[in-house]
Amino acid sequence: MFKVIDGPLEGIDLESEVRTDADGAIIVFRGVARRYSRGRDVVHLEYEAYAEMAEKVMAQIGEEIKARWPVSGVAIVHRTGVLEIGQASVAIAIAAPHRGEAFEATEYAIDRLKQIVPIWKKEVWSDGEQWIGWEHEQHQVTSDHSA
Amino acid sequence: MFKVIDGPLEGIDLESEVRTDADGAIIVFRGVARRYSRGRDVVHLEYEAYAEMAEKVMAQIGEEIKARWPVSGVAIVHRTGVLEIGQASVAIAIAAPHRGEAFEATEYAIDRLKQIVPIWKKEVWSDGEQWIGWEHEQHQVTSDHSA
Amino acid sequence: MTPAAQISVQIRLFASYREAAGTRSLEAPVSQGATVADLVELLAERIPALRTAPGLIAVNYTYVQPDFELHQGDEVAFIPPVSGG
Amino acid sequence: MTPAAQISVQIRLFASYREAAGTRSLEAPVSQGATVADLVELLAERIPALRTAPGLIAVNYTYVQPDFELHQGDEVAFIPPVSGG
């Protein structure tokens, strides 16, 4: 299951989606909206996705994982829309016969998702908002000015 | 939450148990009964615990984790009794501001549980059964005989 | 020299690009044989961020290089640095 | 020389030890000042595995060394190699 969903991820049962009788370990990773970011108080987050492509790229990450680790099942779901603090933006489930490969594969899945899946986060504070992902460029601009 | 439960772990919501508003990552690890073990077909598993002490030692593991990583919440629950294939024997939930420390802490929790928590697994096959944990000694005996 | 035949591609814009352009999607006519780089030149007048803050570009859901040649009906997506997860 | 005063400790047995002994728990009288190692000697006649396949020993829910001295009412648990998870 590789899906972009325009609504809450809470209540979606990914474990039974990925488990087979060969598996001894299931890991579910959830990224959740947190209160503090870059020293500011977050009011809420907004996620936007290029959904058709995001699902394709998430499925590609699933293929990469299965080529690299003996993993039975991979599921990745990401939501869009407005998220209150504590709500999950992404859920990744991995089932594998042994836990070592399950941990490695889950960490790879979230690292890779953050690199290549076309989804964007906007942080909304009480006094402003910003699309995340441009920090590096902004930092460079600041450095040039202060240099 | 550090508990030994004499019944199914399915349906227990550990995420909300461990999450705080500071957290951006929640990991839930489940160990589940798998069909194949040491080349044999498992019919079911039986878990026995020294429950009073197991809960104390699991809480100690929680303290070790909080001393070592900036983790907000730790929950460990382990069940006892007869487990069918696919049922969870243990569930560990960790919430942390960032995912790196959440992954490290979760892996530490299950490694440590397997080392020091007084709980025992018996594998039941169609043609026999065995308490797990003595394999090393048995292997040594076998080696002595074959040497 | 006869002018090159025109083809039409579908443009998708996201996040900061979408806000800068004021639209999620538009249709653009380009010359037959035009590349992704040519399309960026064409759109940069309306959406300067495509040149001043370049991201990745996908054609029909696959990331491509600037020299990728466009074809009639292609869906071209401008992808600012991603921040999912 | 007067015989040492007797104290009584509670024994808990688990997994393979429990099956070998045919009981989960029993009460054992030991001499005042006796150690965990002394208790193992005493019980090994009934449960040889405590000596032939030794595990860990906990007194009042804490792992202890063989020279740990027992006191009246202590709960002594014989812990075969653990295999939880």
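Chain naming here is simple, since letters A, B, ... match the order of the sequence lines and numbering starts at 1 in each.
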Checklist outcome for this item: Note: vs chain A, highest number of non-hydrogen pairs under 4.5 angstrom among C/Gly85, C/Ala58, C/Ala77 is C/Gly85
Item to check | Straight-line distance of A/Glu52 CD to C/Asn60 CG, nearest 0.5 Å | outcome: 11.5 Å
Next on the checklist: Are more than 12 heavy atoms, taken from residues, nucleotides or ligands other than A/Lys3, located less than 6.0 Å from that residue's NZ atom?
Outcome noted: no
Item to check | Gap between atom CD1 of C/Ile79 and atom CD1 of A/Ile116 - 0.5 Å precision | outcome: 11.0 Å
Checklist outcome for this item: Per-residue tally against chain C (heavy atom, under 4.5 Å) across A/Ala91, A/Pro118, A/Gly31, A/Ser89 peaks at A/Pro118
Next on the checklist: Let's go through C/Glu75 and A/Met53 carefully: what are the C-alpha distance in whole Å and the side-chain angles of both, what is the deciding distance for side chain to side chain contact (heavy atoms under 4.5 Å, CB included) to 0.1 Å, and is it a yes or a no?
Outcome noted: CA-CA 11 Å; C/Glu75 178 167 318; A/Met53 181 169 168; over 6 Å; no
Item to check | Pairwise distance OH(C/Tyr17) to CH2(A/Trp131) - rounded to 0.5 angstrom | outcome: 13.0 Å
Item to check | Segment of A/Gln60 engaging chain C (4.5 angstrom heavy-atom cut-off) | outcome: neither
Item to check | Distance, nearest 0.5 Å, that separates OH of C/Tyr61 from CD of A/Glu55 | outcome: 10.5 Å
Checklist entry - Does any heavy atom of chain C fall under 4.5 Å from the side chain of A/Lys56, the backbone, both, or neither of them? => result side chain
Next on the checklist: With a 4.5 angstrom heavy-atom cut-off, is it the side chain or the backbone of A/Ala49 that approaches chain C, or both, or neither?
Outcome noted: backbone
Item to check | A/Trp120 side chain to C/Gly84 backbone, donor-acceptor under 3.5 Å | outcome: no
Checklist entry - Any idea which heavy atoms bring A/Tyr47 and C/Ser83 closest together, and the distance? => result CE2-O, 4.0 Å
Checklist outcome for this item: To the nearest 0.5 Å, atom CZ of C/Phe14 lies from atom CD of A/Glu48 at 7.0 Å
